[in-house]
Amino acid sequence: MSDTSAAAPLPVDSPVRTLLVGAQMLFVAFGALVLVPLLTGLDPNVALFTAGVGTLVFHGVTRVSVPVFLASSFAFIAPIQGSVANFGIPATLGGLLAAGLVYVAISQLVRLKGTAWLHRLLPPVVVGPVIMVIGLALAPVAVDMATGETSEAIGYGPAIFLSMASLLVTLVLAVFSRGLIRLVPIMGGIVVGYGLSVLMGVVDFTPVHEAAWLALPEFVAPSFHWAAVLFMLPVAIAPAVEHIGDMVAIGSVTRRNYLETPGLHRTLLGDGLATSVAALVGGPPNTTYSEVTGAVTLTRAFNPWIMVTTACIAILLSFFGKLGAVLQTIPGPVMGGIMTLLFGSIAVVGMNTLVRAGKPLTAPRNLVVVSLILVFGIGGMQFGGGQFTLQGVSLAALVGIVLNGVLPRVEEE
């Protein structure tokens, strides 16, 4: 990444251009933004609201210096689904609020100690398989949705047709399209799948007719349940590590070193506060969006005030009641088809983390760490009971951190 002295100058945009480009950025992020609440049982209008508020919080902390937009984090989809099933939505939100505070704690340690301790505590041999567990732990849920198991009104045949059509469109747009269209494959898959669902008569528009044009999002307050907090805390580890990569990526586009100015501690703090604020009112955790980074690369829209505009537009849209009602009528198989790709792609990110590290996975130490993270995380292992049950991603992350800390390190050829 180039020195800040060689940074690309920030353009002075007209208000009209700022508004138009800001709206375009929300369009790029929209499909992924609403996908998370639709898959986890949260309200999409609340997600729009908290994406906007979270982005404003981030830019307040970083002094409007980084051209990023924050919205629903994919890394939390599987854990939220598992937590909602076991503890309910309010307790899950309490766990997510605590996860945001993990970011805050990490940001202060980075401010005091730098980043070396973070890489020692969470090397690729731990982070990689934990990310894989996040993607694969609830893969059966995606298959159940895709095959119509979760839809009372849609049988196997129509469900498979809708899910595979949605998946195919998403794949084609992701691989073969160019320009801005390539940045919205999820939205493309949802639009086509929803259109086919309407033609097949499997969409119930009753919620849309009953919804008001303008309405407050359905905010939900968090409650605190120790098991839900313990379940969710370790999930924050992988996105926090990925956050560093996000800052490097956007910095390479704008030719600015955001790890120094405004500083990684400030960007982590902004991300953590945005996640906790979202959980306070019922929204999913926030993270920086790679789709928006891609759009910034294409459009050269380096002005951070564009993202502030995007956040304000998201907040305004969240008060359109019929928008959320339409999103909630999307059939399960349409979302299931896209989930099969989404969960797999998260697992591939984890695999890529291991590959890029270049460590021999068959070396005894690495073999033990990776194997136990994967089997404990995906296989359903659990320790404890009642409010203090450790399982899934939380157990996998804890096992990885402990093994990495206690197993002797050897020089690897």
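Just so it is clear, the model here is predicted, and its values are computed rather than measured.
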Result block: side-chain N/O donor-acceptor pairs under 3.5 angstrom for residues 123-146, not counting sequence neighbours:
none

Just checking Tyr156: does its OH atom have more than 12 heavy atoms from other residues, nucleotides or ligands closer to it than 6.0 angstrom?
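No - once you tally the heavy atoms of other residues, nucleotides and ligands closer than 6.0 Å, there are 12 at most.
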Would you call Met307 and His59 a side-chain contact if the rule is heavy atoms closer than 4.5 Å?
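With C-beta onward as the side chain, the pair touches.
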So Leu196 and Phe161, do their side chains get closer than 4.5 Å, heavy atoms only?
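Result yes, sub-4.5 Å side-chain heavy-atom pair found.
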Nearest 0.5 Å please: distance from the CG atom of Leu93 over to the CG atom of Leu280.
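If I round to the nearest 0.5 Å, the distance is 9.0 Å.
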Nearest-0.5 Å distance that lies between atom OG1 in Thr261 and atom CG in Asn257:
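These two atoms lie 7.0 Å from each other.
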Any chance you could lay out the side chain to side chain contact (heavy atoms under 4.5 Å, CB included) test for Thr50 and Val281, step after step, and finish with the verdict?
CA-CA 8 Å; Thr50 55; Val281 294; 3.4 Å; yes
State yes or no: are the ring centers of Phe219 and Phe49 separated by less than 6.0 Å?
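Ring centres of Phe49 and Phe219 closer than 6.0 Å.
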Can Thr287 and Ser73 be counted as having a side-chain donor-acceptor contact under 3.5 angstrom?
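No, no side-chain donor-acceptor pair sits under 3.5 Å.
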Does the side chain of His243 come under 3.5 Å of the side chain of Thr267 through a donor N or O and an acceptor N or O?
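Yes.
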Given side chain to side chain contact (heavy atoms under 4.5 Å, CB included), test Val368 with Leu407 step by step and report yes or no.
CA-CA 9 Å; Val368 168; Leu407 293 179; 4.0 Å; yes
Is the side chain of Arg365 donor-acceptor paired with the backbone N or O of Asn404 at a distance under 3.5 Å, no angle test?
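Yes; judged by distance alone, with no hydrogens or angles, the pair exists.
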With Thr362, which residues qualify under side-chain contact (heavy atoms from CB on, under 4.5 Å), at least two apart?
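side-chain contact (heavy atoms from CB on, under 4.5 Å) check on Thr362 returns nothing, list empty.
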